[in-house]
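Order of the sequence lines sets the chain letters (A, B, ...), proteins ahead of strands, with each chain counted from 1.
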2 protein chains.
Amino acid sequence: MKIGELAKRSGLTAYTIRYYERIGLLPYADRDRSSQRDYDASILTWIEFLGRLKATGMPIREMLRYAALREQGAATEAERRALLEKHRDRVYANLTELQANLLVLDNKIAGYAAAEQRIENGHSHRKAR
Amino acid sequence: MKIGELAKRSGLTAYTIRYYERIGLLPYADRDRSSQRDYDASILTWIEFLGRLKATGMPIREMLRYAALREQGAATEAERRALLEKHRDRVYANLTELQANLLVLDNKIAGYAAAEQRIENGHSHRKAR
DNA sequence: CCTTGACTTAGAGTGTACTCGAAGCCCTAG
DNA sequence: CTAGGGCTTCGAGTACACTCTAAGTCAAGG
């Protein structure tokens, strides 16, 4: 699979894929005889995982660390696990905070809704029954 | 309250407070006779709310829109409400996605844990009982 | 009076993560 | 055989949100 195809399937742009390879987030891809990148479908699994790390707010620096450990093989699994656990805990904390903020947002919105209600009642000169 | 004090109380740096004022996220602060910003404690409520918008991923552009509406008074409440509702829905979607990613992360970690367990069993030449 | 430290402004610099432009190569279809 | 499209590399440019520097002002304490 060439880069354009991979871009379509992964949701990344070809620019981003090259960028990720340049910085080491994606392994250096094999090239065909005209120097074009030729990808195996298995790369998609890795890209998807990277997407999850990104979606949960992991900075590229840390993904790079994980990617480097992965390249070094099975001996680094404990460290990879530790890295993910640390990240998961941060994500969890973040999630909790997000839920709290969502509640505040909901209350604020409810406040606006109540205000609108009062205005409507006022405008129509109706009383609550 | 001067800017240093507000910085301490709000958790923003003085740089950030000036930056926010410059771009219109904070109202232009009154100055004392030596041109120093003199804040009323009520600004803290607004800064805290901005913090929540930020923590839930609202870009500054949109906070600016909200801030501008707020400056225009009560007539813009419906629009402000709509803006917040739109944002809340995005946050909610984001939250849901985050939870899903957290689950995947947990599974991945569990996978590493299981692998470690297998290695330990192998090393000690013990059998499951 | 003089130093110290917090403040002022305008504008430049930083970090993160892309995103794109330029110039050129190579395969396929007409 | 040639035009088109997708690919290559390298390096520059962009967007966002700060973050800091420089040069100067000002009020209070010793």
Aromatic ring pairing A:Tyr66/A:Phe49, orientation class (parallel under 30°, perpendicular over 60°, tilted between): tilted
Sorted by number, the residues of residues 86-98 of chain A with heavy-atom contact under 4.0 Å to DNA chain C: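 The stretch gives none, as no residue of it lies under 4.0 Å from the strand.
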Run through the side-chain heavy atoms of Ile, Leu, Val, Met, Phe, Trp and Tyr, join any pair under 4.5 Å, and report what else lands in [X]'s cluster.
X	answer
B:Tyr92	A:Val91, A:Tyr92, A:Leu95, A:Leu98, A:Leu102, B:Val91, B:Leu95, B:Leu98, B:Leu102
A:Tyr28	none
B:Val104	none

Residues from residues 41-68 of chain B lying under 4.0 Å of DNA chain D - heavy atoms: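 The stretch gives B:Lys54, B:Pro59, B:Ile60, B:Arg61 as the residues lying under 4.0 Å from the strand, ordered by number.
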Near-strand residues of residues 3-26 of chain A, defined as heavy-atom separation under 4.0 angstrom from DNA chain D: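 Result for residues 3-26 of chain A: A:Ile3, A:Gly4, A:Arg18, A:Arg22, sorted by number.
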Contacts of type side chain to side chain donor-acceptor pair (under 3.5 Å), residue A:Glu97, not counting sequence neighbours: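 So A:Glu97 forms no side chain to side chain donor-acceptor pair (under 3.5 Å) with any residue.
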same_hphob_cluster(B:Ile119, B:Tyr112) at 4.5 Å side-chain heavy-atom cutoff: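 No.
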Partner residues of A:Tyr15 under the ring-ring contact (aromatic ring centres under 6.0 Å, His included) criterion, sequence neighbours left out: none
Axis bend over the full length of the helix from C:dC1-D:dG30 to C:dG30-D:dC1, computed from five pairs that close each end, to 10 degrees: 10°
Of all pairs that satisfy salt bridge (Lys or Arg N to Asp or Glu O under 4.0 Å), the ones with a partner from residues 71-80 of chain B, not counting sequence neighbours: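 Every salt bridge (Lys or Arg N to Asp or Glu O under 4.0 Å) pair that includes a residue of residues 71-80 of chain B, provided the two are not neighbours, is B:Arg65-B:Glu79.
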Pairs satisfying salt bridge (Lys or Arg N to Asp or Glu O under 4.0 Å), at least one member in residues 1-16 of chain A, at least two apart: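 Qualifying pairs: A:Glu5-A:Arg9.
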Distance-minimising heavy-atom pair for A:Leu53 and A:His87: O-NE2, 4.0 Å
Distance, nearest 0.5 Å, that separates OG of B:Ser10 from CH2 of B:Trp46: 14.0 Å
First and last nucleotide of DNA chain D, 5' to 3', lying under 4.0 Å from heavy atoms of chain A: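 Result: D:dG6 to D:dG11.
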